[in-house]
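Step one of this worksheet: look at the structure below.
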Amino acid sequence: MKSLKDLTAYRIVDERKMEELNSIGTVLEHKKTGARVFLVSNDDENKVFYIGFRTPPSDDTGVPHILEHSVLCGSDKFPVKDPFVELVKGSLNTFLNAMTYPDKTVYPIASCNDKDFQNLMDVYMDAVLHPNIYNEKKIFMQEGWHYELESEDSPVIYNGVVYNEMKGAFSSPESVLDRYTQKMLFPDTCYGFESGGDPKSVPDLTYEAFLDFHRTYYHPSNSFIYLYGDMDMAEKLEWLDEAYLSHYDKKEVDSHIDMQKPFTEPKDSRITYSITEDEPEEDASYLSVSSVVGTDLDPKLYLAFQILEYTLLDAPGAPLKQALLDAGIGHDILGGYDNGILQPYFSVVAKDANEEQKGEFLAVVKGTLRKLAEDGINKKSLLAGLNYFEFRYREADFGTAPKGLMYGLQSLDSWLYDGDPMMHLEYQETFDFLKKAVEEGYFESLIRDYLLDNPFEAVIVVSPERNLTAKEDAAVAKKLAEYKAGLSAQEVKALVKETEELKNYQDTPSPSEELEKIPMLSREDIDRKAEEIHWKEHLMNGVLVLHQEMFTSGIGYLKVLFNTDRVPVEDLPYVGLLKSVLGYVDTENFTYSDLTSEIHLNSGGISFSTGSYVDLERENGFTGAFIADVRVLYDKIGFGFDMLAEILTRSKLEDEKRLGEILRETKSRSRMKLEGASHSAAVARATSYFSATASFNDRTGGVGFYHFLEDVVKDYEKNSKALIEKLKEVAAKLFTVDNMLVNVTSDGEGFACVDGAMKGLTEALPEGSGVVYPYLFEVGNRNEGFKTASQVNYVARCGNFKKAGFSYTGALRILKVILSYDYLWINLRVKGGAYGCMSGFGMSGEGYFVSYRDPNLAETDQVYEGIVDYLENFSVDERDMTKYVIGTISGLDTPLNPSDKGARALSAYLSHVSNEMLQKERDQVLDAQAEDIRKLAGIVSAVLKTGSFCTIGNEEKIENCKELFGEIKNLYHG
């Protein structure tokens, strides 16, 4: 292996060991172009690469975002129309995407396979530097925006993927507030503009301005190149130079991010967001105050304000949050520290408040902060926040995202602004400083300097406006009608022709010689053996304990499950509510504020959830569970069980004021969850028409649960005592020794601590009665259309194929790839303008199709109807079939962290999934041919014939398609 020092094309700027990451960090500069390079070398097989560019917007047209989409639509070396999709379908990537931020655009990939990783790097480098956008204007029209005219008699409409995506993004009041806050705080810099694109302004973007933006910013001299993991770094850098960087000369690119000049006095503004005709205006405003906090180049501020967010707003009983709730201002308090831009800011937001409370809101915020600055912040709470964040930093659990990617994105929080990319990754010195600073008044001084004596702030009120979406839609329709009226007959014909040509372009597949230029692996490159799942069963203190033994860096991951069949069906929503109440009320030995501090001082956190595990051995059978999750170092496993005993058996549920606060916040967060994942909610609701598992999920966490919360909150004043008694009754039935299952993910040393540690919990819990209740629900397609103020739709069609006599096969995993990135992608996204489309099929026999941020509704349902015909005529060559197989294996082989591996094994245990089943599924995937896909037409037909249909979205669209629905109603009632 060549040494980095031997590379003549690069200059080493800095190199050092990053102890926190157990890695060597190296900063380099490409001599010829000035391209910035950052390497993180270690033994992680999940390798990461990205190339990013500083892309400051100068208007609201969304050109950085549209360009992010468009450069992945073919390039010189890989001219296929959609190489991104080809890679998703046919590579072993563990991450593949692109992201637009307020000041940068980043193109990351990750893979554990060396050959695959190299292929992905090559396609992405060519995409960003040599895109097809200069040769084909239709890419801009498809991904950005275009006038669409189906026939001379039709109305003109706007269409385009980003245009529709941002209509969806601007449908959420929280998103509207976030965007407007930056506009107010940074009126003279790039942060005052919407890099994603304001739907009102997207149609102002011209093709030439779009190309100019690429010419200006997409150059190696303005690039940030990142490599992470176990690889020959010198070889990769040599290849980057020879294949790409050396072909460019240095260019002066003015992408500097300007600093906003601080205000001499706060700014004040009011805006509105849309609600439907039937939603109440009372208790529906957002009150917000945001203060700019230094720069992202201060590592102490960067961490300290994350701790302040926890201490002031996030922790139960956090003083700023509690003061606002006590004053009756808002039902939910949001906000916190927004970094990842040059000048971060700290916000406090009262949600579900009233506009006339603005003065009181500011008085409470400033008065509480002044009191904290003068009297001191609770030191235990600060130390708990510090310990919690240090645990999270060390654990580096980012869910499905590779940790190398998250490190790389975090490095840009300093690197993009010409700082040291290792600044925020070497966190230990900062944590050590902050722990001492707790005793020295440091955090109090931050409150004074940045949140009190700082006029660099914006006060914003966001109030509801009835039918604003309909008014805006009408204004756009009028503008487009006037535009069409101003066209000559010849121009109308030309627009119809242009629309037709775009659709023909979208319909025409790339020629095989172009497709074959996309590099791909062979089936022989893939390990045939499925990764096995292992657990051992133990009986401890009369409780079944499952253990998955693996290396976990000294962290014990505990799951304690209580089966919900101990609770009658009609009471299951209260189980869903308990997950939000427990841990957030006083116990016999702790106030709820001290309880959280105690937990975070001694662990990585305790959380509660509900979950369901389908039972593959019983028709419509499943295990519903109330789940307690604990993350704790081995020597604190006893503490974890003791805290569970405290919460589950000694919580005081009688505090009516506190319970009311929790209810209102839970309702608020549930609504935000529905708004953020309406596609998932639509699938869950449609599936609940025929599936016991989905019906349970709906009652405990879906649309049904949200409607339960609305009713409980509305009637709380008169029913509070009955609610408290019901929660106590449900908890008494659930939390018993004979109803408990424990899952432990750790190595042998950690597991040895469990037996003795459990006694604190098992001795505190009652034995239990053993009474169980069957899960009964009403089967039948209600086919609901849920109206919201959204500008877009989420259209779900769901069904069951096992009841029609079909069996699950691994080929269905391939079908998901084929549909999601071929048939549905082309028809819903490319041609229809929806931002996303998904499908899936489970071993249980359940299947679904759903669209995401979709301008259409009935047309989307017709696309679903066409899947059977598409499959019956499915015909691809061996290369394409292999590509689909490899893309499917990519999803099966995504590396999991220890916590997720433990959860996967628990799920397999409860669902009766064996290693033999997993191996059979993998073999069916690896051996699949086109004929196996054609055979799936019957399965898809069975799913569609189930007839379960649900849409969440635009009220006008839903009313116009009322024949598709059994019931039409508002999703939100207040």
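In this chain, numbering begins with 1 at the start of the sequence shown. Every value quoted in this text rests on a predicted model; they were computed, and no experiment measured them.
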Item to complete: Could you list the residues that satisfy side chain to side chain contact (heavy atoms under 4.5 Å, CB included) with Ser820, not counting sequence neighbours?
Response: Lys816, Ser839

Fill in: Any donor-acceptor N or O pair under 3.5 Å, side chains Thr276, Glu279
yes

Practice prompt. Look at the side chain of Asn222 and the backbone N and O of Tyr218, then say whether any donor-acceptor pair between them is shorter than 3.5 Å.
Written response: no

Item to complete: Look at the side chain of Asn954 and the backbone N and O of Ser790, then say whether any donor-acceptor pair between them is shorter than 3.5 Å.
Response: yes

Item to complete: Quick one: sort the Phe53 and Tyr107 rings into parallel, tilted or perpendicular, breaks at 30° and 60°.
Response: perpendicular

Worksheet, complete the sentence: For Asp258 and Gln343, the nearest pair of non-hydrogen atoms, with its separation, is O-OE1, 4.3 Å

Worksheet entry | Set of residues satisfying salt bridge (charged side-chain N to carboxylate O under 4.0 Å, His left out) with respect to Lys104, sequence neighbours excluded | none

Worksheet item: Is a side-chain N or O of Tyr286 found less than 3.5 angstrom from the main chain of Pro464, in a donor-acceptor match?
Response: no

Practice prompt. State yes or no: are the ring centers of Tyr972 and Tyr706 separated by less than 6.0 Å?
Written response: yes

Worksheet item: Can Asp507 and Lys831 be counted as an ion pair, charged N to O under 4.0 angstrom?
Response: yes

Practice prompt. Looking only at non-hydrogen atoms, find the nearest pair between Leu857 and Phe949 and report the distance.
Written response: CD2-CZ, 4.0 Å

Fill in: For Val85, side chain to side chain contact (heavy atoms under 4.5 Å, CB included) partners two or more places apart
Asp82, Lys89, Tyr821, Trp825

Worksheet entry | Thr100 versus Glu68, side-chain donor and acceptor atoms under 3.5 Å | yes

Fill in: Side-chain (Asn783) to main-chain (Gly947) donor-acceptor, under 3.5 angstrom
yes

Fill in: Qualifying residues under side chain to side chain contact (heavy atoms under 4.5 Å, CB included), relative to Ala475, sequence neighbours excluded
none

Worksheet item: Rounded to the nearest 0.5 Å, how far apart are CZ of Arg829 and CD of Glu165?
Response: 8.0 Å

Worksheet item: Looking just at side-chain N and O atoms, do Thr55 and Thr105 make a donor-acceptor pair shorter than 3.5 Å?
Response: yes

Item to complete: Examine distances only and state if a side-chain atom of Thr61 and a backbone atom of Val202 form a donor-acceptor pair shorter than 3.5 Å.
Response: no

Discussion item. For the CD atom of Glu955 and the CG atom of Asp473, what is their distance to the nearest 0.5 Å?
Written reply: 9.5 Å

Item to complete: Measure up the Phe210 and Phe140 rings against each other and bin them: parallel (under 30°), tilted (30 to 60°), perpendicular (over 60°).
Response: tilted

Worksheet item: How far apart are the C-alpha atoms of Arg685 and Glu784, what are their side-chain angles, what is the distance that settles it, and do they pass the salt bridge (Lys or Arg N to Asp or Glu O under 4.0 Å) test?
Response: CA-CA 9 Å; Arg685 185 68 170 192; Glu784 296 150 304; 2.8 Å; yes

Worksheet item: Between the side chain of Lys957 and the main-chain N/O of Pro855, is any donor-acceptor distance below 3.5 Å?
Response: yes

Discussion item. I need the Ser195 OG to Asp59 CG distance, nearest 0.5 Å.
Written reply: 11.0 Å

Item to complete: Could you check Arg669 against Glu174 for salt bridge (Lys or Arg N to Asp or Glu O under 4.0 Å), going step by step and ending with a plain yes or no?
Response: CA-CA 11 Å; Arg669 301 292 166 96; Glu174 289 83 13; over 6 Å; no

Discussion item. So, using ring-ring contact (aromatic ring centres under 6.0 Å, His included) as the criterion, who are the partners of Tyr158 when residues are at least two apart?
Written reply: Trp145, Tyr147, Tyr163

Item to complete: Might you point out which heavy atoms bring Ser688 and Arg782 nearest each other, and give the distance in Å?
Response: OG-NH2, 3.9 Å

Worksheet item: Does Lys479 have any salt bridge (charged side-chain N to carboxylate O under 4.0 Å, His left out) partners at least two apart in sequence or in another chain, and if so, which?
Response: none

Fill in: Donor-acceptor pair, side chain of Ser175 and main chain of Ser171, under 3.5 angstrom
no

Fill in: Interatomic spacing from CG in Leu362 to NZ in Lys358 - rounded to 0.5 Å
7.0 Å

Discussion item. Side chains of Ser463 and Glu355: any donor to acceptor distance under 3.5 Å?
Written reply: yes

Worksheet entry | From Ser670 atom OG to Leu709 atom CG, the distance as rounded to the nearest 0.5 Å | 5.0 Å

Worksheet item: Just how far is it from atom CG of Asn159 to atom NE2 of His146, taken to the nearest 0.5 Å?
Response: 4.5 Å

Worksheet entry | Glu457 vs Lys267, salt bridge (Lys or Arg N to Asp or Glu O under 4.0 Å): CA-CA, chis, key distance, verdict | CA-CA 6 Å; Glu457 72 177 23; Lys267 300 251 178 130; over 6 Å; no

Worksheet entry | side chain to side chain donor-acceptor pair (under 3.5 Å) partners for Asp861, two or more places apart | Arg797

Item to complete: Any chance you could lay out the side-chain contact (heavy atoms from CB on, under 4.5 Å) test for Ile968 and Phe786, step after step, and finish with the verdict?
Response: CA-CA 6 Å; Ile968 292 177; Phe786 288 108; over 6 Å; no

Practice prompt. Verify salt bridge (Lys or Arg N to Asp or Glu O under 4.0 Å) between Glu710 and Lys714, making sure each step is shown before the conclusion.
Written response: CA-CA 6 Å; Glu710 283 190 325; Lys714 184 175 66 177; over 6 Å; no

Worksheet entry | Partner residues of Phe346 under the ring-ring contact (aromatic ring centres under 6.0 Å, His included) criterion, sequence neighbours left out | Phe305

Practice prompt. Return yes if some donor-acceptor pair links the side-chain N/O of Asp103 with the main-chain N/O of Pro56 below 3.5 Å, else return no.
Written response: no

Exercise answer: donor-acceptor pairs, residues 180-187 side-chain atoms, under 3.5 Å, sequence neighbours excluded:
unit_1 : atom_1 : unit_2 : atom_2 : d
Tyr180 : OH     : Ser269 : OG     : 2.9
Thr181 : OG1    : Leu177 : O      : 2.7
Lys183 : NZ     : Asp60  : OD2    : 3.0
Lys183 : NZ     : Gly192 : O      : 3.4

Worksheet, complete the sentence: Applied to residues 130-139, the side-chain hydrogen bond (donor to acceptor under 3.5 Å, both in side chains) test, sequence neighbours excluded, yields Asp126-His130, His130-Tyr248, Tyr134-His214

Item to complete: Could you tell me whether the side chain of Asn793 and the main chain of Asp854 form a donor-acceptor pair under 3.5 Å?
Response: yes

Worksheet item: What do the steps show when you test Glu501 against Lys497 for side-chain contact (heavy atoms from CB on, under 4.5 Å), and what is the final call?
Response: CA-CA 6 Å; Glu501 287 173 347; Lys497 186 181 178 189; 3.1 Å; yes

Sequence neighbours left out, cut at 3.5 Å: what donor-acceptor pairs do the side chains of residues 958-966 make with other protein atoms?
unit_1 : atom_1 : unit_2 : atom_2 : d
Glu959 : OE2    : Lys787 : NZ     : 2.9
Asn960 : ND2    : Glu956 : O      : 3.3

Worksheet entry | Smallest separation among heavy atoms of Ala209 and Leu205, with atom names | CB-CD1, 3.9 Å

Discussion item. Go through it in stages, so that I can follow the logic: the residues are Tyr273 and Phe170, the test is ring-ring contact (aromatic ring centres under 6.0 Å, His included), and I'd like the CA-CA distance, side-chain angles, deciding distance and then a yes or no.
Written reply: CA-CA 9 Å; Tyr273 74 95; Phe170 272 62; over 10 Å; no

Worksheet item: Side-chain donor-acceptor pair under 3.5 Å between Asp153 and Ser151, yes or no?
Response: no

Worksheet item: Would you say the side-chain atoms of Lys81 pair up with the backbone N or O of Ile139, donor to acceptor, closer than 3.5 Å?
Response: no

Worksheet item: Sequence neighbours excluded, which residues qualify as side chain to side chain contact (heavy atoms under 4.5 Å, CB included) partners of His331?
Response: Asp283, Asp352, Arg664

